[in-house]
Amino acid sequence: MSSTKPIHTSSARQNNQQQIDLIKLMGTLIDARWFIICLTLLFTIFGAAYVLLATPIYKADALIQVESKSSDISALVGDMGDMFSSESSSVTEIEIIKSRMILGQTVDKFNLTTQIKPGYLPAIGQGLARLTKSEIDIDIPRFFIPGYIDLPAKFSFIVDNADVGSYSVFDEESKKILSGKVGELATKGEFAVFVRQIDASTGDSFAIEKQSKMDAVQWLQENLSISERGKDSGILLLSFVGENKADIETILDDIAQNYFLQNVERSSAEAEQSLAFLQGHLPDIKHELTLAEDNLNQYRQAHESVDLSLEAQSKLKVMVELEAQLNELTFKESDISQRYTKDHPAYISLLDKRNVLLEEKSKLNQQIQDLPLTQREILRLTRDVEVNQAIYIQLLGKVQELSVLKAGTVGNVRILDEAQAYTEAVKPKKLLVVVVAILLGGFIAVALVLVNKAIHKGVESPDQIEELGIPVYASIPLSQLQNQLEQKIKRTKIKTSLNVEETLLSESNPADLSIEALRGLRTSMHFAMLEAKNNVVMITGPSPSIGKSFVTANLGGVIANAGQKVLIIDGDMRKGYLQRHFNLKYDDGLSDLLVGKSTAEEVVKSTGVDNLDVITRGIVPPNPSELLMHPRFKQFLAWASEQYDLVLIDTPPVLAVTDPSIVGALAGTTLMVGRFEVSTAKEIEIAHHRFEMAGIEVKGFILNAVEKKASSTYGYGYYNYSYQSDK
């Protein structure tokens, strides 16, 4: 049993950690709720603006039926018509419709190689024009350019006078090409423009792009979609999308009509080709029939009208039937040879049947050889006459049938529904766009919050700092009043108009939670300094903008109000701004003292707070670190330690410069400041290690600007217990 207990404890700890992480994650999102709401609202506004300004895209469709049928020509040639079926699959018909043969006719008819766009503002111009009912339009059915100009070519069209319909055309280099009027063909050299109508005002412009026929066909293919309704139904649905309802209906109707006409022409051409073949053979068959009849008549006259015996008549009948069948196969072979090679099963079957008939014919010829000579000769001549006569009559019949077929050819395609545009636009889908914008805005906002949280892993509780081996002396809540004071100082140009009660929080609002926290720090410092070598306290931090000056100034004010004499020194001679908290000037300060320009008594300035003096940074020197290492600084600190109960030194960040290491060697106590959610555990650890390398002990840590957040399990630890006077 004892072996399972640690496993249970570990599992419980892991589950608890996962629960804490989930709660922290939800808390992070709750803390950033206004950012998430604002960003989502911004995306929603953009989505709504897009819905209002985007050009609506309409859709028109048409319905075509492709009937399944066998080749009429193959049906005419006899019982093997099923071998020559010419049924086309829907995939084939779809590709035919999308071919350049069909779409190219539509491009030529409607001059789709000329693309015209009104000169609206980019992105939003067309939408604004549509909303304000101020759209402009132009109809240019003909626009020809010289052949030496590379396509695509762009031109500008400007309305000179809308009242008389005059206009000018310019090339890409703004060079005028020609001028003209509505309803008149304007030409200049190889340029030619015909404008049918202009619906615009004087000064309006249009962008004209002349593209190749291939590009225009590709544009049609991109906007044209074709699908089959149901499997093997032969019903094709043609759809075309565009900005103008009338235009897309006209274009789609023309495409359907072009496809229908080519189908009829294709069927008619097949009948015409077969008819030409048969008519080409008729004169030869007629000539052979005439010769056969003449030979038969001459032979009968020479032999005084010899009649055939019953046996000979029977063989003649069989022979004529065989010749008719062989002749039928000849016609079929001429048709099938245009469709298949000799390796095709249908072609092989035809050849096999012919061989069988030829063998029967050969056997019959051998039997005829047994007849008397006169009977054989009259049988041969009669056979020639009847065979040629049968062939001639058969050809005449087929010629008549093909003539009727050609005249009545309707093809196997019919248009069921003509093109018609939908009433509502298919794009953009307004509700969907807005919903997607809301979801996208919320997703991006949440992602940004989580990514920012993952990247900027600032400390959020004293526990994280104490894990590094640094005791936390105080957690100072974020003061909104301090932010207001800083904004007020920045807005005030004449700083002499402000007194210390308007610049120092400990004087402006002593009951502020931040000041209460500093009072707790004052108590912690008292015990920390019991074993210190002097009363000099250095306040530093790992990075800038974490509130060192705020802590130093207000801590000095709190201690001074307790009756101790305090001196605050701005040790950041580079960018120190401690003087702002006391409404003083930075010059005549520490740098002036260290270079020997001023004495200690001269640089000490009164703050307006009892028992509290300050030394500003002074003029920025070129070598702050070297000045701090000068014996004057050590002598000055010894003097200040004797004159004051407490000396506070505000230094620059230790990770940026070496000044804190120099000052810390002379100070009796070192405190480090970090900012809530700004200072990371890593940089605090590095700063602490740097002090250890310099032989300086960091007594404690001050966590500044702590905020109450749902993601943080650590609260202020202070209650708003403000002062109230009795009345």
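Values below: all heavy atoms of this structure, side chains included; hydrogens, waters and symmetry mates excluded. Not measured: the values here are computed from a predicted model.
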Decide yes or no for Asp592 and Glu602: does some side-chain heavy atom of the first lie under 4.5 Å from some side-chain heavy atom of the second?
-> no
Can you list the steps and then say if Val537 with Met525 is a side chain to side chain contact (heavy atoms under 4.5 Å, CB included)?
-> CA-CA 9 Å; Val537 178; Met525 284 179 55; 3.8 Å; yes
Which word best sums up how the rings of Phe550 and His581 line up, parallel for under 30°, tilted for 30 to 60°, or perpendicular for over 60°?
-> tilted
Exceeds 12 heavy-atom contacts within 6.0 angstrom, atom CE of Met529 | yes
Could you tell me which non-hydrogen atom of Ser508 sits nearest to which non-hydrogen atom of Leu481, and how far apart they are?
-> OG-CD2, 4.2 Å
Report the distance from atom CZ of Arg519 to atom OG of Ser514, rounding to the nearest 0.5 Å.
-> 11.0 Å
Any side-chain heavy-atom pair from Pro56 and Arg130 closer than 4.5 angstrom?
-> yes
Hey, could you give me the CD1/CG distance between Ile515 and Asn554, rounded to the nearest 0.5 Å?
-> 4.0 Å
Under 3.5 Å, is there a donor-acceptor pair between the Tyr586 and Asp570 side chains?
-> no
Would you find a donor on one side and an acceptor on the other, under 3.5 Å apart, between the side chain of Arg690 and the backbone of Val654?
-> yes
Taking the side chain from Asp645 and the backbone from Lys565, do they hold a donor-acceptor pair closer than 3.5 Å?
-> yes
Report yes if the side chains of Leu555 and Ile539 come closer than 4.5 Å at any heavy-atom pair, otherwise no.
-> yes
Side chains of Arg617 and Leu590: does their closest heavy-atom pair fall under 4.5 Å?
-> no
Write down the atom of Thr670, the atom of Thr540, and the distance for their closest heavy-atom approach.
-> CG2-CG2, 4.4 Å
Is the count of non-hydrogen atoms from other residues, nucleotides or ligands lying under 6.0 Å from His689 atom NE2 greater than 12?
-> no
State, without any angle test, whether Asp659 and Thr651 hold a side-chain donor-acceptor pair at a distance under 3.5 Å.
-> no
Quick one: closest heavy-atom pair of Ala560 and Asp610, and the distance?
-> CB-O, 3.5 Å
Determine whether Leu655 and Glu683 make a side-chain contact, defined as any pair of heavy atoms from C-beta on separated by less than 4.5 Å.
-> yes
Pair Leu448-Leu39, side chain to side chain contact (heavy atoms under 4.5 Å, CB included): steps then yes or no = CA-CA 10 Å; Leu448 289 176; Leu39 189 59; 4.0 Å; yes
Could you pull out the closest heavy-atom pair between Ser524 and Tyr473, with the gap in Å?
-> OG-O, 3.7 Å
Before giving the answer on side chain to side chain contact (heavy atoms under 4.5 Å, CB included), spell out for Leu131 and Leu53 the whole-Å C-alpha distance, their side-chain angles and the decisive distance to 0.1 Å.
-> CA-CA 8 Å; Leu131 294 176; Leu53 298 177; 3.9 Å; yes
Looking only at heavy atoms, which two atoms of Ser661 and Phe691 are closest? And how far apart?
-> N-CE2, 4.4 Å
Determine whether Val609 and Glu507 make a side-chain contact, defined as any pair of heavy atoms from C-beta on separated by less than 4.5 Å.
-> yes
Side chain to side chain contact (heavy atoms under 4.5 Å, CB included) between Asp572 and Tyr577, worked out | CA-CA 8 Å; Asp572 188 354; Tyr577 57 89; over 6 Å; no
Enter the distance from Leu671:CG to Ile649:CD1 here, rounded to the nearest 0.5 Å.
-> 12.0 Å
Would you say the side-chain atoms of Asp512 and Ser479 include a donor-acceptor pair closer than 3.5 Å?
-> yes
How long is the span from the CG atom in Asn534 to the OG atom in Ser641, to the nearest 0.5 Å?
-> 5.0 Å
When you look at CZ of Phe35, are more than 12 heavy atoms from neighbouring residues, nucleotides or ligands closer to it than 6.0 Å?
-> yes
Minimal non-hydrogen separation, Ala687 against Pro542, with atom names | CB-CB, 3.8 Å
Heavy atoms of other groups near Glu601 CD, more than 12 under 6.0 Å | yes
Could you tell me the separation between the CE atom of Met672 and the CE atom of Met538, rounded to the nearest 0.5 Å?
-> 8.0 Å
Side chain Asn561, main chain Gly557, donor-acceptor under 3.5 Å = yes
Heavy-atom count around Lys605 NZ within 6.0 Å, excluding the residue itself: above 12?
-> yes
Ser506 side chain vs Val558 backbone, donor-acceptor pair below 3.5 Å = no
Minimum side-chain heavy-atom gap Pro653-Lys548 below 4.5 Å = yes
Close side-chain approach of Ser461 to Glu466, heavy-atom, < 4.5 Å = no
Find the distance between CD1 (Ile702) and CG (Leu521) and round it off to the nearest 0.5 Å.
-> 4.5 Å
Flag if over 12 foreign heavy atoms under 6.0 Å of NZ, Lys533 = yes
